[in-house]
Amino acid sequence: MELYQLKIFVTVAKSGAVTKASEQLYLSQPAVSAQIKALEEELGLTLFERTVRGMTLTPHGVEILSKAEQLLALQRDLLDEARRLRGGLTGRLRLGSNRGASAVLLGKLLAQLSETAPELDVSLEFGSPADIATALREGRLDAGFYTEYDQHELLHSEGVDRFGIQLAVAPQLLPAGFRTEPAPDWQWLALLPWISAPAGSCCGRAAESLFREQRFRPAKMIEADQEHLVRALISSGVGIGLLHTPTARDAAAKGEVRLIGPVLQQVQLLFGCLARRQQEPLLLLVMQLMAQIAADAAQRSEE
């Protein structure tokens, strides 16, 4: 039994619905249901009655809820005592992130920080992974998310996620019968406007690799520096472009785009800080929290 399972159980019990609990916990509904089932199996008890109106605690569930809340309260007390012993963490933490691949992880990190170091002031700066890495090296940020392409010897980092890059186009731009897999007509696609992230970004690098591999240059390039903007331009039929796999598949599922070819690249997302500062109490805590969040996310994805 893990403490995060108890937290999921308590959240479902309080909200009365898996849907609401998943939103509060930043988890998928299947992941929440799976953890509740695993907890019930380990305890050998049925904790909830599942009805069309939601999740209602059984008599056993009511008793377990009280114990679970006590255990979670003890966890909070332990963290409070640890904070007291080390003098408490106060001051300001400057975090860097983009608005795409790291958004969910950032939300979980902020939630953990609010519990672990409530007196800490956190400021956020958004930018490309290359911008974040540069700001870390120059001391303008304390910690942040960037990609393996932007790693530097001055930075200490941990891998926290991976994502793919896929080519997408609005359905209305493709002629009838156009083959998107396995080998599309690259010369025809080169005639379309291409929407590209900045050259130093992971999508910008992937685009340049694709151009070299297929031996063409688009007739027209449009640069957009945020993935939500790239998605909007592609979906509206302005041109063809690259998206991170989660965004690309979500857009495809909603009928906004068609995906062309397989995943082009896999990119590792990193979270890091200046190597010479990694033993500072605040950064040590932030790196430990982020490592645990990443490990929990990886474990849930395997279940």
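What you see is a predicted model, and the numbers here were worked out from it, not measured in a lab.
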Enquirer: Would you name the heavy atoms of Q279 and L284 that are closest together and state the gap between them?
Expert: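 Nearest pair, atom of Q279 first, then L284: OE1-CD1, 4.1 Å.
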Enquirer: Taking the basic N atoms (NZ, or NE/NH1/NH2) and the acidic carboxylate oxygens, is any pair closer than 4.0 Å for R276 and E153?
Expert: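 Looking at E153 together with R276, the answer is no, because their closest N to O distance does not fall below 4.0 Å.
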Enquirer: So, are K108 and D296 salt-bridged, with charged N and O less than 4.0 Å apart?
Expert: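 Not counted as a salt bridge, because no side-chain N and carboxylate O are separated by less than 4.0 Å.
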Enquirer: Taking D121 first and then R92, would you say they form a salt bridge - that is, a charged N and a carboxylate O separated by under 4.0 Å?
Expert: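 Answer for the salt bridge query: no.
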Enquirer: Is any side-chain N of the basic residue among R217 and E208 closer than 4.0 Å to the acidic one's carboxylate O?
Expert: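 Yes, charged N to carboxylate O under 4.0 Å.
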Enquirer: Tell me, do C273 and Q278 make a side-chain contact under 4.5 Å, heavy atoms counted?
Expert: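 Yes - at least one pair of side-chain heavy atoms lies under 4.5 Å apart.
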Enquirer: Would a single hydrophobic cluster contain both F163 and L167, if residues Ile, Leu, Val, Met, Phe, Trp and Tyr are joined by side-chain heavy-atom contacts under 4.5 Å?
Expert: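 In one cluster: yes.
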Enquirer: Determine, stepwise, if the pair L25 / I8 fulfils side chain to side chain contact (heavy atoms under 4.5 Å, CB included).
Expert: CA-CA 8 Å; L25 295 165; I8 291 173; 3.8 Å; yes
Enquirer: In sequence, state the C-alpha distance, the side-chain angles, and the governing distance for S157 and Q151, and then conclude on side-chain hydrogen bond (donor to acceptor under 3.5 Å, both in side chains).
Expert: CA-CA 8 Å; S157 64; Q151 178 63 295; 2.4 Å; yes
Enquirer: Tell me which pairs pass ring-ring contact (aromatic ring centres under 6.0 Å, His included) where either residue lies in residues 114-140, with sequence neighbours left out.
Expert: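 Listed by first then second residue: nothing to list.
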Enquirer: State, with a plain yes or no, whether a side-chain heavy atom of H244 is found less than 4.5 Å away from one of Q166.
Expert: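 Sidechains of Q166 and H244: no contact.
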Enquirer: Given side chains that start at C-beta, do those of L283 and D142 come closer than 4.5 Å, heavy atoms only?
Expert: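 In contact.
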Enquirer: Could you tell me whether E256 and K254 make a salt bridge, using a distance below 4.0 angstrom between a side-chain N and a carboxylate O?
Expert: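 K254 and E256: not salt-bridged.
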Enquirer: Do you know the tightest heavy-atom contact between A197 and E223?
Expert: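 For A197 versus E223, the nearest heavy atoms are C-CG, 4.3 Å.
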Enquirer: For K67, enumerate each residue passing the side-chain contact (heavy atoms from CB on, under 4.5 Å) test, keeping only those at least two apart in sequence or located in another chain.
Expert: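 Result, side-chain contact (heavy atoms from CB on, under 4.5 Å) vs K67: Q70.
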Enquirer: Out of curiosity, L45 CG to L39 CG, how far, rounded to the nearest 0.5 Å?
Expert: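 Spacing of CG (L45) from CG (L39) equals 9.0 Å.
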Enquirer: Under the side chain to side chain contact (heavy atoms under 4.5 Å, CB included) criterion, do Q29 and T19 qualify, and how do the steps go?
Expert: CA-CA 6 Å; Q29 294 180 39; T19 302; 3.4 Å; yes
Enquirer: May I ask you to check whether D250 and T247 show a side-chain donor-acceptor distance below 3.5 Å?
Expert: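 Per modelled atom types, D250 and T247 side chains form no pair under 3.5 Å.
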Enquirer: Any side-chain donor-acceptor pair under 3.5 Å between S128 and D131?
Expert: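 The criterion, which ignores hydrogens and geometry beyond distance, is satisfied for D131 and S128.
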Enquirer: Would you confirm whether R76, through its side chain, and T116, through its main-chain N or O, come within 3.5 Å as a donor-acceptor pair?
Expert: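 No; zero donor-acceptor contacts below 3.5 Å.
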Enquirer: Does the pair D150 and I132 meet the rule for a side chain to side chain contact (heavy atoms under 4.5 Å, CB included), with working shown?
Expert: CA-CA 9 Å; D150 308 294; I132 300 303; over 6 Å; no
Enquirer: If you look at every heavy atom in L6 and A68, which pair is closest and at what distance?
Expert: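 Distance-wise, the nearest heavy atoms are CD2-CB, 4.2 Å.
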Enquirer: Rounded to the nearest 0.5 Å, what's the gap from CD on E227 to CG on N98? Could you check?
Expert: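 The CG atom of N98 is 8.0 Å from CD of E227, to the nearest 0.5 Å.
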Enquirer: Looking only at non-hydrogen atoms, find the nearest pair between E42 and Q5 and report the distance.
Expert: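 In this case the closest contact between E42 and Q5 is OE1-OE1, 4.3 Å.
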Enquirer: Who passes ring-ring contact (aromatic ring centres under 6.0 Å, His included) against Y149, sequence neighbours left out?
Expert: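 Once residues adjacent in sequence are excluded, Y149 has no partner under the ring-ring contact (aromatic ring centres under 6.0 Å, His included) criterion.
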Enquirer: Going by heavy atoms in the side chains, are L57 and L65 under 4.5 Å from each other?
Expert: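 L57 vs L65: side chains touch.
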Enquirer: Under 4.5 Å between side-chain heavy atoms, hopping through other hydrophobics if needed: is there a path connecting L274 to L109?
Expert: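 Each belongs to a different hydrophobic cluster.
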Enquirer: Would you indicate whether the side-chain heavy atoms of R50 and M55 approach each other to under 4.5 Å?
Expert: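 Answer yes - side chains close enough.
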Enquirer: Is there a path of hydrophobic side-chain contacts, each under 4.5 Å between heavy atoms, that joins L93 and L155?
Expert: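 Different hydrophobic clusters.
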Enquirer: With hydrophobic residues grouped by side-chain heavy-atom distances under 4.5 Å, do V160 and L110 end up in a single group?
Expert: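 V160 clusters together with L110.
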Enquirer: Looking only at heavy atoms, which two atoms of T46 and H60 are closest? And how far apart?
Expert: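 Smallest interatomic distance, heavy atoms only, reads O-CB, 4.0 Å.
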Enquirer: Can you list every side-chain hydrogen bond (donor to acceptor under 3.5 Å, both in side chains) pair that touches residues 185-194, not counting sequence neighbours?
Expert: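 The answer is W186-Q214.
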Enquirer: Just so I know, are the side chains of V10 and E69 near enough to count as touching, which here means a heavy-atom distance under 4.5 Å?
Expert: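 In short, these two side chains touch, coming nearer than 4.5 Å.
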Enquirer: Determine the minimum heavy-atom distance between I260 and P184, stating which atoms define it.
Expert: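 Taking every non-hydrogen atom into account, CG2-CG, 3.6 Å.
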Enquirer: With the 4.5 Å side-chain cut-off for hydrophobic clustering, are L27 and L47 part of the same group?
Expert: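 In one cluster with L27: L47, yes.
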Enquirer: Which distance, rounded to the nearest 0.5 Å, do you find between the CD of Q75 and the CG of L3?
Expert: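 The distance works out to 5.0 Å.
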Enquirer: When rounded to the nearest 0.5 angstrom, what distance separates CZ in R137 from OG1 in T134?
Expert: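 So the CZ of R137 and the OG1 of T134 are separated by 4.0 Å.
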Enquirer: Any chance you could measure R162, atom CZ, to L269, atom CG, to the nearest 0.5 Å?
Expert: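 Between R162 CZ and L269 CG, I get 10.0 Å after rounding to 0.5 Å.
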Enquirer: Under 4.5 Å between any side-chain heavy atoms of L141 and E125, yes or no?
Expert: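 A side-chain contact exists here, since the closest heavy-atom pair is under 4.5 Å.
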Enquirer: Give a yes or no on whether a salt bridge exists between R277 and E280, defined as a side-chain N under 4.0 angstrom from a carboxylate O.
Expert: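 Between E280 and R277 there is a salt bridge, with a charged N closer than 4.0 Å to a carboxylate O.
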Enquirer: With F271, which residues qualify under ring-ring contact (aromatic ring centres under 6.0 Å, His included), at least two apart?
Expert: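 Checked F271 against ring-ring contact (aromatic ring centres under 6.0 Å, His included); matches are F145.
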Enquirer: For V263 and I165: C-alpha separation, side-chain torsions, deciding distance, then whether side chain to side chain contact (heavy atoms under 4.5 Å, CB included) applies.
Expert: CA-CA 6 Å; V263 174; I165 296 174; 5.7 Å; no
Enquirer: With rounding to the nearest 0.5 angstrom, report the OG to CD distance, S28 to E23.
Expert: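 Those atoms lie 12.0 Å apart.
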Enquirer: Under the 4.5 Å side-chain heavy-atom rule for ILVMFWY, direct or indirect, which residues accompany V238?
Expert: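 Members alongside V238: I195, I222, L229, V230, L233, I234, L243, V257, L259.
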Enquirer: Under the criterion side-chain hydrogen bond (donor to acceptor under 3.5 Å, both in side chains), I'd like the reasoning laid out for T58 against E49: C-alpha separation, chi angles, the key distance, then a yes or no.
Expert: CA-CA 6 Å; T58 64; E49 292 180 0; over 6 Å; no
Enquirer: Is the shortest side-chain heavy-atom distance between L270 and E158 below 4.5 Å?
Expert: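 In short, these two side chains do not touch, never coming nearer than 4.5 Å.
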